[in-house]
Each structure stands twice: as structure tokens, then as C-alpha cells.
Amino acid sequence: MTLSSTTYALIVHGGAGADPALDYREQEAHLRDLISQGQDRLLSDESALDTVVALVKDMESCGLYVAGKGSAPNREGAVELDASVMEGASQKAGAVAAIQNALHPVEAARRVLADGRNVMLAGAGAGAFARESGLDFVEDPQAYYVDHVKHGSKNADAGHGTVGAVALDLSGNLAAATSTGGTFHKMAGRVGDTPVIGAGTWADDTVAVSCTGLGEFFIRAGTAHDISARMRYGGASLREAAAAALAEVKRLGGNGGLIAVDRLGNIAMPYNSKGMKRAAASHQAAPVVRIFEPE
Ligand code: ASP
């Protein structure tokens with residue numbers, strides 16, 4: 001099948017797990033804006049990679065999610081951030097893990113991808129690389145980070161706020177990006193699925209995936225790559241593959257959700273937590289913003 005130049009698809013998420021008792025109107029409005037911004041970018045021929053990085057950067061700076069500005073400190077009081085990005089056509093990937101005070105961890109991940117020598121840099125080395133790359137850092141962490149735990153989201157199920165974006169651009173290229181402050185009250189040095197290529201993030205020329213949820217289970221299930229494998233070797237549709245991969249997370253005892261777009265512009269955004277903040281649009285579907293509704 002030949003892709004028309006009008007085929008595109010875009011999904012963003014602001015994390016699996018939401019508390020029905022909390023008011024998410026601000027996040028919903030923000031997700032709506034993001035989708036419209038993303039549509040404009042893709043329709044003006046921006047690449048999927050540039051689009052997903054730009055949207056995740058926006059989510060990192062707004063403080064509404066547990067990523068970037070909204071990240072909670074770990075048990076030692078430090079904010080440690082994970083992010084990754086992957087480009088489908090080239091299968092080039094970049095990731096940073098447990099990086100401190102980078103203003104945009106996803107941009108650091110993108111620089112790792114562009115640099116090409118490594119796929120993942122962690123801790124102080126990731127920070128040094130980001131500084132050498134000229135990226136911005138938070139000068140006053142105490143003043144910058146918004147601690148959601150202090151703002152009432154104590155419910156463990158509301159404790160996921162990872163952000164992510166997946167896109168198919170007008171040239172038929174797929175890309176995925178994910179960024180997080182990790183789980184609330186995590187141990188120092190704990191790294192979840194978000195920067196692990198194949199677990200929290202994946203893109204090839206079949207599908208682009210960004211996951212959110214209890215990261216340890218997504219790593220053990222290899223979730224993001226599992227979706228591609230089910231489609232490529234098993235002939236599953238995007239929806240079947242996404243549902244089956246998430247069922248594996250549940251079988252292991254975890255929960256969460258994911259967003260995925262395939263090369264035909266189909267979209268999937270299943271979850272098995274208490275809701276997932278997400279929004280989507282494509283050449284064949286008007287923009288939608290969802291939190292608690294079924295997929
Ligand atoms: N998956 C993230 C992690 O385990 C958390 C989340 O999605 O909220 O670090």
C-alpha cells in the first residue's frame with residue numbers, strides 16, 4: 001500500500017494512573033493544546049522525531065506531569081530523571097538515566113541519539129554530556145521542581161505521570177519519546193523502563209511506542225518491542241499487539257498503559273491502571289482527549 005502524503009498520526013500521554021477524586025481539567029486543556037500543536041507541526045512537514053521531542057519538552061516544562069518540572073524527589077531528596085527517544089526508519093536511539101537537573105532530559109536523550117556513539121548515558125556522565133552539548137540546567141532545584149506528593153497526589157495509583165509522544169509524519173517516518181521523574185519515593189539510583197529502549201520506548205518502521213506504568217514490569221516484559229514483534233512476526237494488528245503486550249505486564253503483576261501508532265496511521269492507547277491521561281489525532285480521526293474512558 002502506498003502512503004498518501006496526508007497520512008499522519010499522533011498520540012501524547014501524561015501518565016497512566018489517575019485518581020478520579022482529583023481535578024484534571026488543566027491537564028486536559030494542556031493535552032488538547034499539545035495535540036493541536038503537534039498536528040500543526042506534522043502538517044507543516046516537520047519530522048516525527050522533531051515533533052515528539054518538541055511535545056515532550058513542552059510536557060517537561062509545564063509542571064503538570066511527573067516529568068521535568070513536575071518530578072518528585074527520590075528518598076534521598078534528589079530529583080533523578082530518565083528519558084529516551086527513538087527514530088523508526090534508522091532505529092537510532094538515545095537515552096539518559098538518573099540525570100540530575102537537566103532542564104530537558106528528552107533533549108539530552110536526543111543529543112545522545114545524534115551523537116551516535118552510545119545509546120544510553122547515566123548519572124553524572126549523562127549530566128556531563130548534556131553540559132558539553134550546551135543544554136540548559138535547572139539553577140535552583142528547590143525553587144523549580146513542583147512536588148506533586150506535596151500537592152495532594154498521595155494515592156499510589158495517581159503516582160504515575162510519565163510523559164510520552166509517538167508520531168507518524170507525512171513522509172511515513174515513525175518516532176517515539178518518553179520522559180519521567182520516575183515513581184514516587186523511588187530509591188536513589190532506581191531507573192525504570194522509560195530510558196530502556198525496547199521496554200518503555202520503541203520505534204522501527206512498523207510501530208512507535210511509549211509506555212507508562214510500573215516500570216519494573218515493563219522492563220521484565222520488554223513491552224515496547226514486544227508490540228513490534230507481535231506485529232512483524234505474528235501478523236497481529238496494532239490493537240491486538242498493544243493489548244497482548246499490556247496483558248503480559250498484568251500477568252507479571254504490573255499495571256500501566258501505552259500509546260502506539262503504526263506506519264499506516266492506526267492508533268492504540270490501552271491501559272489497565274485507573275485511567276491514563278492521553279490525547280490523539282490522525283488523518284482519519286478528529287482530536288480526542290481521554291483520562292478515564294475506555295480506549
Ligand atoms: N514508567 C515510569 C517508571 O517506572 C513511571 C510512570 O510511567 O509513571 O519510571
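Note that ligands are numbered from 1 as they come in the structure, with each ligand's atoms numbered from 1 the same way. Any value given below was found using the heavy atoms of this structure, including those in side chains, with hydrogens, waters and symmetry copies removed.
In terms of modelled atom types and a separation under 3.5 Å, the side chain of T212 and the main chain of A16 share a donor-acceptor contact. For the pair K186 (side chain) and G181 (backbone), a donor-acceptor distance under 3.5 Å is present. A donor-acceptor pair under 3.5 Å links the side-chain atoms of S282 to the main chain of Q284, judged by distance alone.
Assignment of G213 to the shell around ligand 1 is supported, since a heavy atom sits closer than 4.0 Å. Using 4.0 Å as the threshold, R190 has a heavy atom nearer than that to some atom of ligand 1.
Looking at E216 next to ligand 1, no N or O pair under 3.5 Å apart turns up. Distances between N or O atoms of D193 and those of ligand 1 include at least one value under 3.5 Å. At a 3.5 angstrom cut-off on N or O pairs, G215 counts as close to ligand 1. Not a single N or O atom of L214, backbone or side chain, sits closer than 3.5 Å to an N or O atom of ligand 1.
Between M59 and L34 the shortest heavy-atom distance is CG-CD1, 3.3 Å.
T201 and T178 share a side-chain donor-acceptor pair at under 3.5 Å. For Y65 and H30, the side-chain atoms include at least one donor-acceptor pair closer than 3.5 Å.
Proximity to T212 (heavy-atom distance under 4.0 Å) selects the following atoms of ligand 1: 6 (C), 7 (O), 8 (O).
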